[in-house]
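Beneath this line is the structure, given in structure tokens, with notes to follow.
Counting starts at 1 for both ligands and their atoms, in listed order. No experiment lies behind these values; they were computed from the predicted model shown.
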Amino acid sequence: MSAAPIKITKTLFLILSLLLIGGCVTPSGDSAAGKKWFVMNNCSSCHGPNGDDGRAVPIAGLDMSFGRFLRKLRTTDAPIMPPFPESKITEQDAADIYAYLQSLKSH
Ligand code: HEC
């Protein structure tokens, strides 16, 4: 009986640690799918079809962590770029776009 709270605490700790570790790992993305999401979500209309030929900052060959990239999508500090919540771009889709952008060369 008296051991139960300890067990629960340990289990909670384990779950929290896994969540924490999971949150830091970049999900592996599929760049071919990413290219599709990039166009479907109109990223290309501002950043250009090749990520560096639009009106907005070039993002081809993106050099930022996945975490930062995801934060940019969710809450942009740009007045022009709209935020993309989970309902529009899931974390997996974001990972695909991230993989796609990294596969592009910045010219
Ligand atoms: C309406 C135009 C517009 C659309 C649509 C748009 N962006 Fe942006 N984006 C911008 C502008 C302008 C900036 C630069 C301002 C800033 O970084 O705060 C920017 C910045 C960024 C940055 C940060 C670049 C850096 O070096 O800091 C990333 C990454 C990015 N956009 C990705 C995307 C992705 C992915 C999509 C599609 C899901 C997208 N954007 C859609 C206009 C747009």
Show me which atoms of ligand 1 lie under 4.0 Å from any heavy atom of [X].
{"X": "Ile89", "result": "38 (C)"}
{"X": "Ala56", "result": "10 (C), 11 (C), 12 (C), 42 (C)"}
{"X": "Val57", "result": "13 (C), 14 (C), 19 (C), 20 (C), 24 (C)"}
{"X": "Lys72", "result": "16 (C), 17 (O), 18 (O), 23 (C), 27 (O)"}

What protein heavy atom sits nearest [atom], and how far away is it?
{"atom": "atom 5 (C) of ligand 1", "result": "Asn42 O, 3.4 Å"}
{"atom": "atom 40 (N) of ligand 1", "result": "His47 NE2, 2.8 Å"}
{"atom": "atom 15 (C) of ligand 1", "result": "Ala78 CB, 3.4 Å"}
{"atom": "atom 37 (C) of ligand 1", "result": "Cys43 SG, 1.8 Å"}
{"atom": "atom 18 (O) of ligand 1", "result": "Asp77 OD1, 3.1 Å"}
{"atom": "atom 32 (C) of ligand 1", "result": "Ile59 CD1, 3.6 Å"}

Atom of [X], atom of [Y] and distance for their closest heavy-atom approach:
{"X": "His47", "Y": "Ile59", "value": "CG-CD1, 3.5 Å"}
{"X": "Asp96", "Y": "Ala33", "value": "OD2-CB, 3.6 Å"}
{"X": "Cys43", "Y": "Trp37", "value": "SG-O, 4.4 Å"}
{"X": "Asn50", "Y": "Ala60", "value": "O-CB, 3.5 Å"}

Which one holds for [X] and ligand 1: side chain close, backbone close, both close, or neither close, with close meaning a heavy atom under 4.0 Å?
{"X": "Phe84", "result": "side chain"}
{"X": "Phe69", "result": "side chain"}
{"X": "Leu73", "result": "side chain"}

Looking at [Y], is its backbone amide N or carbonyl O close enough to the side chain of [X] to form a donor-acceptor pair, meaning the two atoms are under 3.5 Å apart?
{"X": "Ser65", "Y": "Arg68", "answer": "yes"}
{"X": "Tyr98", "Y": "Leu62", "answer": "no"}
{"X": "Thr76", "Y": "Met81", "answer": "yes"}
{"X": "Gln92", "Y": "Ser28", "answer": "yes"}

Taking both backbone and side chain into account, is any N, O or S atom of Met81 nearer than 2.8 Å to atom 8 (Fe) of ligand 1?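 True for Met81.
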N/O/S atom of Cys46 inside 2.8 Å of atom 8 (Fe) of ligand 1, strictly under: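 So Cys46 does not bind atom 8 (Fe) of ligand 1 by this criterion.
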Are Leu104 and Val39 in one and the same hydrophobic cluster, where Ile, Leu, Val, Met, Phe, Trp and Tyr link if side-chain heavy atoms are under 4.5 Å apart?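 No, Leu104 and Val39 fall in different hydrophobic clusters.
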Check whether any heavy atom of Met64 sits under 4.0 Å from an atom of ligand 1.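 Contact check Met64 vs ligand 1: positive.
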side-chain contact (heavy atoms from CB on, under 4.5 Å), that's the test. Do Gln102 and Phe69 meet it? Break it down for me. CA-CA 11 Å; Gln102 286 200 312; Phe69 173 70; over 6 Å; no
